[in-house]
Amino acid sequence: MNSGSIQSENFLDRESSLGVLLMLPGLILLAVFLAYPFFLGIWLSLTDTRIGMPGEFIGLWNYVDLLEDEIFHQTAWNTMIYALVTVPFKAVMGLGLALILNNQIRFSNPIRAFIMLPWIVPTALSSLGWFMIFDPVFSPISWLMIEMGFIDSNINFLGDQLIAVTAICWVNIWRGIPFFGISILAGLQAVPPELHEQAAIDGANKFNRFNHVTLPHIKGILMITSLLSVIWTFADFQLIYVLTKGGPANQTHIFGTYAYQVGLSGTEIGMGAAITLYMFPILAFFSIILLRYMRKTA
Amino acid sequence: MMVGSESHRTLQIYIPLVIYGLLLLFPFYWMTIVSLKPSSDLFDLNFNPFWVQRFTFENYTYLFENTEFWSWMWNTMVIAIVSTALSIFCSICIGYALARLRFPGSNFMGIGIFLVYLVPPTLLFIPMAQVIGTLNLFNTHWSLILTYPTQLIPFASWLLMGYFLTIPKEVEESALMDGCSRIQILIRIVLPLSVPGILSATIFCFTLCWNEFLYALIFMSSGDMKTIPVGTVSDLIKADTLFWGSLMASALLGSVPVAFIYSFFVKYYVSGLTASAVKG
């Protein structure tokens, strides 16, 4: 129990010194490549630095200017839709997938591996696949709909703001379904079968058993998975970079792609840093909810 | 429990499963057939686009001979392996220290590490580009090998800490009594017992390295230093439509390694996922 009571002269055997020593390699990396850039970012956002030109301190002007920037408003709005509105779709479709996979199925391991593909392959590469599927000239969706007589000419999926945002959200949902599915499946498998049997004996129908036995058991995982999904997609980049690069006419940006365009392509480093830092309070908010929730369930 | 006839089962399980399969896998099917068609067929709308009429490997030949595909593959492999090894080493150390040792700041560190996990590259890439510039690391493997661990260490430490906590303390205490040092205990007792945890952390890290896009896009600008995702997206998309087939070929081949690893280790991945979600 109290291993610290074993006295040793050896530096490596003292808990406190060994503990600090073991933390060091990781902490040094995190300090140089995470903490330092974070504070550097805050400083840059308070200056008018451009690539190749050292900037001067200008206080909060970058932040103030952004509040009056129409594209930034659109960006903030898009990010909210992209990160939040997609979650219920991922959750419902993931739940459906999990309920199916929770049955005894032949070849269940290869099936699971295939089903996971949208989640595990590089998003940049699978988004390229979708980029082609949404092509204005040879999209298979357009072809099929024309063949079936629904439309007369090809749909310009990524050239119209509303359709483009919908298409982007769909690819995001598509990628998230397996993650929700597999996480919820893990939750389903932790439900003791006796509970279902007991409920069935007590005369509960399928729907009631789902509501009163299954749902309470997977609520925790559902909540944690949703919060992780929000945090990750909020800070997404590659999916939109590949599909639209924020276009047409800057209407489909999210924070990451807009900061890239302003800060690196447009060389306004200070302004770009300010755009990314607008994400910080929102990310912190969701992270704190997640942390509190995980501690409560632990 | 479920006493249904075979047709009932088909209706409730296999038909929805097929629908999910079509929905989730169609893009990969599409990428495959496009990569196997001559470009001219792609634009001929008289052909059924869902099938390959004239089969060709010319897109793959073009990819291998006229692009830097193999350099991209090599870069991605080297960066993913070294970065994963570095991250796992740091994470084992951190995970063990947090699970078993009391030292100044140990309580606070656990939460700190978790919160760091939620700091995305998107928040840091602009100042990070400055840091990489200052260190003169643009267009080197080191730029990514050293920055990826900041995304990997927090989750891997968290996951490994969970595994270490499941090992009964008594095992370690009796070894301590027998005169083993803490380091010996870690190497000879704790690590062998944590192989599943280490495996899932490794898979997680490797995949994340392989899939990373933003840092690789910014730090690697010269063609032969790019990684698979960045090379495919930025060097193969040209106005020239001849590249469509090769583009899809590259996207498919670039996805194969991670898909392959997962199909073998899907069990570990799932257990890692739940460990992190439930134990955290």
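Each chain gets a letter, A, B and so on, in the order its sequence line appears, and its residues count up from 1.
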Which one wins on heavy-atom pair count under 4.5 Å against chain B: A284(A), G26(A), S126(A)?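 It is G26(A).
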For the candidates [options], which exhibits the highest count of non-hydrogen atom pairs separated by less than 4.5 Å from chain A?
options                           : answer
V131(B), I113(B), V230(B)         : V131(B)
L86(B), L252(B), L214(B), T147(B) : L214(B)
E170(B), Q130(B), E172(B)         : Q130(B)
P120(B), P49(B), G21(B)           : P49(B)
A251(B), P257(B), A97(B), C90(B)  : A251(B)
L25(B), T207(B), L186(B), I153(B) : L25(B)

Tell me, side chain or backbone of [X] under 4.5 Å from chain B's heavy atoms, or both, or neither?
X       : value
I288(A) : neither
I51(A)  : neither
R175(A) : neither
I105(A) : both
L290(A) : side chain

Given the side-chain rings of [X] and [Y], with only the six-membered ring counted for Trp, is the space between their centroids under 6.0 Å?
X       : Y       : value
F237(A) : Y215(B) : no
F260(B) : W210(B) : no
F234(A) : F255(A) : yes

Tell me if the OH atom of Y14(B) is crowded by more than 12 foreign heavy atoms within 6.0 Å.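 Counting other residues, nucleotides and ligands, OH of Y14(B) exceeds 12 neighbours.
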Do Y96(B) and L160(B) have side chains that approach each other closer than 4.5 Å (heavy atoms only, starting at C-beta)?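 In short, these two side chains do not touch, never coming nearer than 4.5 Å.
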Side chain / backbone / both / neither for L115(B) at chain A, heavy atoms under 4.5 Å: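 Just the side chain, heavy atoms under 4.5 Å.
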